[in-house]
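The next block holds one structure in the form of structure tokens; read it before the comments.
Computed from a predicted structure; not experimentally measured. Starting from 1, each residue takes its place in the sequence as its number.
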Amino acid sequence: MQHKQIHSESLEVFTIGNVKEGSKWFWTHCLALYVISCSACVLLHFEYKNITKMRLAHITGSPVNPSHFTVLVRSIPCSQNHSYSKSVEDFFSTYYPASYVSHQMVYRAGRVDKLMKDAEKMYRMLKTIESTTKKSYMPCCLCGKSTHSFEALNNDAESVEIKTSSDELQPSQREKKDVEKIYRKLKTIETQNKMSSTPGCLCGGIMHYFKMLKKEAESVECKTSSDRSQPSQTGKERPAAFVFFRTRYAAIVAAQVLQSSNPMLWVTQLAPEPNDVYWSNLSIPYKQVWLRKIATLLGAFVFMFVFLAPVTFVQGLTQLDQLRQTFPFLKGILKQKFMNQLVTGYLPSVILMLFMYAVPPTMMLFSTIEGNVSHSERKKSAGIKVLYFTIWNVFFVNVLSGSIIRQLSVFSSFRDIPTQLAKAVPTQATFFTTYVLTSGWASLSCEVIQLFPLLCNGFRRFILRRQEEPCSNHALTFPHHTEIPRLLLFGLLGFTCSIMAPLILPFLLVYFFLAFLVYRNQILNVYVPKYESGGQFWPVVHNTTIFSLVLTQVIALGVFGIKRSPVASGFTIPLIFLTLLFNEYCRQRFSPVFKRSPAQVLIEMDKQDENWGRAEEIYKLLRTAYCQFPLLSLDLSTSQELSMAGNSGQNKDEGSSKDQESHNPDLNEIKLSS
């Protein structure tokens, strides 16, 4: 049964635009606006307070964090007499003699780093072959005994690790030749032992290639500490360093104090966590950073306005009359009820969602070029850009639909903004509801099944025929720069449509309920946290929510003005000022904790370390915390455990092999040369 005045294909009759001018029922909308605003502010206050406590508890209760004792120094002045390392040592020994411990220079990543990555890739491939050929025994070419060709590769792979770790921070020509030699050796072994078909035993017994590599690795590992103490080449050093201090308080003072009369020299900041460091951007000269930020900001604005073209096309699909005039040949197709609903309702949101998939990678590229020195800062910067981009293109551009010139001319007068938004928002209720269904509910389904990693894994295994497991660096991490902007956008739609088009609220309620379950499962069971940001995203969430509230109140003020309700308009104006006043209170009360660490907490933590005698343990941790060229120690140790477990049933053959190795110390060289 269909109502005579309410058409089933339109939701605009359920919006505030359908209320008559001068109606006395606008006081209910004003009261609802007060209830929504006050509830949101109370919840924001309690949440801000709880997250602030959690941040302080994270600082005090977490294990010893090397970043609390470390300061990142950039724009180190160049000297012809000595290297950057000597300049850092002289500067901090002179001005911080009581608290300075040591420092770690940043080096230019070159061919050695690339060879190390290639060697790591070869090692992972060989480790996978070992796991698949544990029970594959072949007769020796001379004695007929069984041979396990790939077990010797563990020793050689660790030799790759250690020979590349020798002087890993001060690469020289000798090291480059060693790495190239080992890399070629790995290449040869990998091609010769593709399916465990190469016999290598000369005297009988099983050859354990992986075990041999481990022994060679240990021998070269011992050279690392002695080589690191040697003076490095100035040409390899970059004007950046990690400086270690004895206490947390000394580090934070050094990070916040201006070190030189020239603000562009000896620039200091608290160092990010070791796993959070984005090493490639540390080599960027500090004097280029501000230029890069301006360039990326301009690039983001250009990309934002270029994106108006597809958004305008998408929004044109929702205007049925305009679509018929532009494309006369579609008149017959659009007369069908199903096609009409598909083209004007579902298709625009799907097309917009597909275009939006290109936004996060582009903004991440801009944030990388910007020069951020940590992964968390890079994700936060990209998330803010995606948030601004999404709010502008999904909300404002779709609300103020029309030509690009009209969209830019809408804001020619600030006094007309409430009126224009008040006229446009209620008419877009159908589009926003469909967008919540397509982009919201569908995104949760994709989040659960992890569609993109699933396709990449299938392509790698079945197309490229690579069976090795990806290294730990490729573990999934939570995509803050894509998910948080989406959540905040739906929050914005919920606030702005709460009194304008309330039928969208049930769909948003279902979305947030499902999002809570999905993201909770993903964070606990799927994503691997590599670093802790300490709640740095929460101020962005708080500020965006306040912006959504103020925008809702401004739109409501415009609606009440258009509908000639002076009482409701008069009560809405003070609500806007009260919301801004609440935001200023939160900014003064909670925001400083997210920008600076309290000295009281840091000094108490330093006293506890001193009382418990953990100073030496902390100093040892600082010496090895920030390593620019990560090695294969974790993978090697893991493979060692797997190799021991896999060879538990082969003790008999291993025993004979070990006996022959003990009687013939030159056997390792014979095996590798073969």
| task | In sequence, state the C-alpha distance, the side-chain angles, and the governing distance for Lys380 and Glu377, and then conclude on salt bridge (Lys or Arg N to Asp or Glu O under 4.0 Å). | result | CA-CA 5 Å; Lys380 182 180 178 181; Glu377 289 181 359; over 6 Å; no
| query | Does atom CZ of Phe512 have more than 12 heavy-atom neighbours, drawn from other residues, nucleotides or ligands, at distances under 6.0 Å? | reply | yes
| remark: So NZ of Lys385 and CG of Leu297: to nearest 0.5 Å the spacing works out to 7.5 Å
| Do the ring planes of Phe590 and Tyr585 sit parallel (below 30°), tilted (30 to 60°) or perpendicular (above 60°)? | perpendicular
| query | Quick one: are the ring centres of Phe303 and Phe389 less than 6.0 Å apart? | reply | yes
| said: Looking only at the side chains, is there a donor atom on one of Glu370 and Asn372 sitting less than 3.5 Å from an acceptor on the other? | reply: yes
| message | We want to know whether Thr579 and Gln553 form a side-chain donor-acceptor pair, criterion being a heavy-atom distance below 3.5 angstrom. | response | yes
| query | Going by atom types alone, do Thr368 and Arg378 pair a side-chain donor with an acceptor below 3.5 Å? | reply | yes
| message | Using modelled atom types and a 3.5 Å cut-off, is there a donor and acceptor pairing between side-chain atoms of Tyr519 and backbone atoms of Leu514? | response | no
| field | Check: Thr552 side chain, Phe495 main-chain N or O, donor-acceptor pair, under 3.5 Å | value | yes
| Donor-acceptor contact present, side-chain Asp276 to main-chain Pro272, <3.5 Å | no
| task | Describe, in one word, how the ring planes of Phe395 and Phe432 are oriented to each other, choosing from parallel (under 30°), tilted (30 to 60°) and perpendicular (over 60°). | result | parallel
| message | Classify the ring geometry of His29 against Phe26: parallel below 30°, tilted from 30° to 60°, perpendicular beyond 60°. | response | tilted
| Residue Tyr388 excluded, over 12 heavy atoms near OH under 6.0 Å | no
| Can we call the ring centroids of Tyr48 and His45 under 6.0 Å apart? | no
| Under 3.5 Å: donor-acceptor pair, side chain of Lys293, backbone of Gly371 | no
What pairs of donor and acceptor atoms, side-chain ones from residues 442-450 against any protein atom, are under 3.5 angstrom apart with sequence neighbours left out?
from   : atom 1 : to     : atom 2 : distance (Å)
Ser443 : OG     : Ser439 : O      : 2.7
Ser443 : OG     : Gly440 : O      : 2.6
Ser445 : OG     : Trp441 : O      : 3.4
Glu447 : OE1    : Tyr527 : OH     : 3.4
Glu447 : OE2    : Gln450 : NE2    : 3.2
Glu447 : OE2    : Gln522 : NE2    : 3.4
Glu447 : OE2    : Tyr527 : OH     : 2.2
Gln450 : NE2    : Glu447 : O      : 2.9
Gln450 : NE2    : Tyr527 : OH     : 3.2

| said: To check you understand the geometry: which heavy-atom pair defines the closest contact between Ala271 and Ser67, and what is its length? | reply: O-CB, 3.3 Å
| task | Check whether any side-chain N or O of Arg74 sits under 3.5 Å from a backbone N or O of Leu282 as a donor-acceptor pair, and report yes or no. | result | no
